[in-house]
Amino acid sequence: MMEDSQVRIAVIGSGYVGLVAAVCFAELGHRVVCVDNVEAKVQALRAGDSLIHEHFLPELLAKHRDVNLSFTTSLADAVRESQAIFIAVGTPPTGQGDADLSYVEAVACEIARSMNEYKVIVEKSTVPVYTSDWIIRVMMRNGIERKDFDVASNPEFLREGTAVSDFLHPDRIVIGADNERAIELLRKIYAPLASGTYYKSADAIPGRCSAENPASLLLTTPKSAELIKHASNAFLATKISFINAVANLCEAVDADIEDVAMGMGMDTRIGRQFLRAGIGYGGSCFPKDVAAFRAVANQVGLDFNILEEVEEINKLQKNRFLQKVRAALWTLRGKRLGVLGLAFKGDTDDIRESPAIDVIRALQSEGCTISAYDPAAMQKAKADLGDSIQYAGDAYEAAQGADALLVLTDWPQFATLDLARLKTALRYPIVIDGRNLFLPATMQEHGFAYVSMGRASISPIRELADDRPLPVGQTRNSR
Ligand code: NAD
């Protein structure tokens, strides 16, 4: 028996976004069928394997699987059963930087072939402006009358690592639709979050929203919704590159980026988030979304040059880190390096576009051997790097006998490692921290040579500390 508040939903694509969305829609009381065209994925999900590292995902999967959440490879069956169809397939970059929408188009064609009644097709994937128009065109080219469907944009803002709580406690829910019928259905889907009823339930997933302070819903047009997602990611990437550029300036003038970022972030107009200096952004979203947003601007005859600079700073940041490794170790051929972190950021097993992997490959090409540890991403890294590196059982094993230890991912647990034990494990007590996880003063107390991003290096040996680029016209002795 369907309750009045329940919507029949199909989610196409069972990856980081699709799976989380499907599980969360089930948590909101809807009847959900989640589709993927990779048979092995569907089998694993049916068997209760949550496949990705996300807090609360295994619990919610266990709670709803075979109750109001099912998995299938049959897109046609899922479409026929559903009132709303969320497209959550990948939108990777093409060689030219714009988004490859062929997966979205393929899904739209298949939806058209399976239509049996009015449905709302919802873009959940991150797509460029005009995609909703294209989906409408594809549906009509495949013989579906315009009155039998609507297309809405409902971009997803979840962050990997906190995806479930981000989904259920969103900063905002953006609904881009230009038709009352579609808006009404999407309102119904998100009603438990927007009205706050979800947060009253005793076993609600905890997060920032509450019954008194429920999720905000922003209604707009499909085009504006599409732009909101691209513009948000491009802005966040800009924030990261900006703080990295400031970090480089800090190094040149003997200032401390952590203090500078703190002072900037305390201004509520700026905010503290995404002001962490490091080896740059990665992941499956920022690099491709910045490139795609630039491409969108170019296609309509506008230059978005600031984004070119954002990308350039991000690329150079990895080189700056490699330069620090060279400056600390002199020659690299034959050096053994311990590496902490393979994922593109902490709290996820995702290694797509991970700066850590890029840095490892660059060091390998210079003749280093690598022993790495990551709390969640080892399996995925193995599929990429194969046996070219050693995979350690923990951080101390990664450090064992290494000429230096490199921190490449901001896993919170790395910050609380036993430093005395790490020092004993290392061949030389050198830590090169691409994520500023440690305090220089603490590292100094423990007798490490410590190099980080945008802060003065410390070393028991004076020369190692002086790896900062010199201002034009100055020599090391004139300082
Ligand atoms: P993903 O690669 O993890 O998942 C995509 C899934 O779609 C895969 O499992 C794939 O097998 C499946 N798929 C592809 N074609 C299919 C088809 N024809 N039928 C059924 N299944 C099909 O990707 P993701 O990280 O979940 O990202 C999906 C979209 O969401 C992208 O546009 C991305 O930019 C956007 N997004 C991602 C995040 C994130 O943090 N990962 C956050 C917000 C938005």
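Position 1 is the first residue of the sequence, and the numbers go up from there. In listed order, ligands and their atoms are each counted from 1.
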Looking at Lys288 and Asp98, does any basic side-chain N land under 4.0 Å from a carboxylate oxygen? no
Can you tell me if Cys285 has a non-hydrogen atom under 4.0 Å from ligand 1?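 Contact check Cys285 vs ligand 1: positive.
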When you check the side-chain N and O atoms of Trp411 and Asp374, is any donor under 3.5 Å from an acceptor?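 Side chains of Trp411 and Asp374: pair found under 3.5 Å.
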What part of [X], side chain from CB on, backbone N/CA/C/O, both or neither, has a heavy atom under 4.0 Å from ligand 1?
X: Ser284; value: side chain
X: Lys41; value: side chain
X: Val38; value: side chain

How close does the nearest protein non-hydrogen atom get to [atom], and which residue and atom is it?
atom: atom 1 (P) of ligand 1; answer: Arg352 NH1, 3.7 Å
atom: atom 4 (O) of ligand 1; answer: Gly15 CA, 3.2 Å
atom: atom 43 (C) of ligand 1; answer: Glu156 O, 3.2 Å

[options]: member with heavy atom nearest to [atom]:
atom: atom 16 (C) of ligand 1; options: Thr126, Val35, Asn37, Leu19; answer: Asn37
atom: atom 29 (C) of ligand 1; options: Asp36, Val89, Val104, Thr91; answer: Val89
atom: atom 38 (C) of ligand 1; options: Val11, Asp289, Leu51, Val17; answer: Val17

Over 12 non-hydrogen atoms of neighbours within 6.0 angstrom of [atom1] in [X]:
X: Phe242; atom1: CZ; answer: no
X: Glu184; atom1: CD; answer: no
X: Lys63; atom1: NZ; answer: yes
X: Leu219; atom1: CG; answer: yes
X: Asp387; atom1: CG; answer: no

Could you list the atoms of ligand 1 found under 4.0 angstrom from a heavy atom of [X]?
X: Ala88; answer: 5 (C), 28 (C)
X: Ile12; answer: 19 (N), 20 (C)
X: Lys288; answer: 33 (C), 34 (O)
X: Gly90; answer: 5 (C)
X: Lys229; answer: 43 (C)
X: Gly13; answer: 6 (C), 7 (O), 12 (C), 21 (N)
X: Val107; answer: 17 (C), 18 (N)
X: Glu160; answer: 39 (C), 40 (O), 41 (N)

Would you check if the side chain of Arg294 reaches a backbone N or O of Phe304 as a donor-acceptor pair within less than 3.5 Å? no
Side chain Thr238, main chain Ala234, donor-acceptor under 3.5 Å: yes
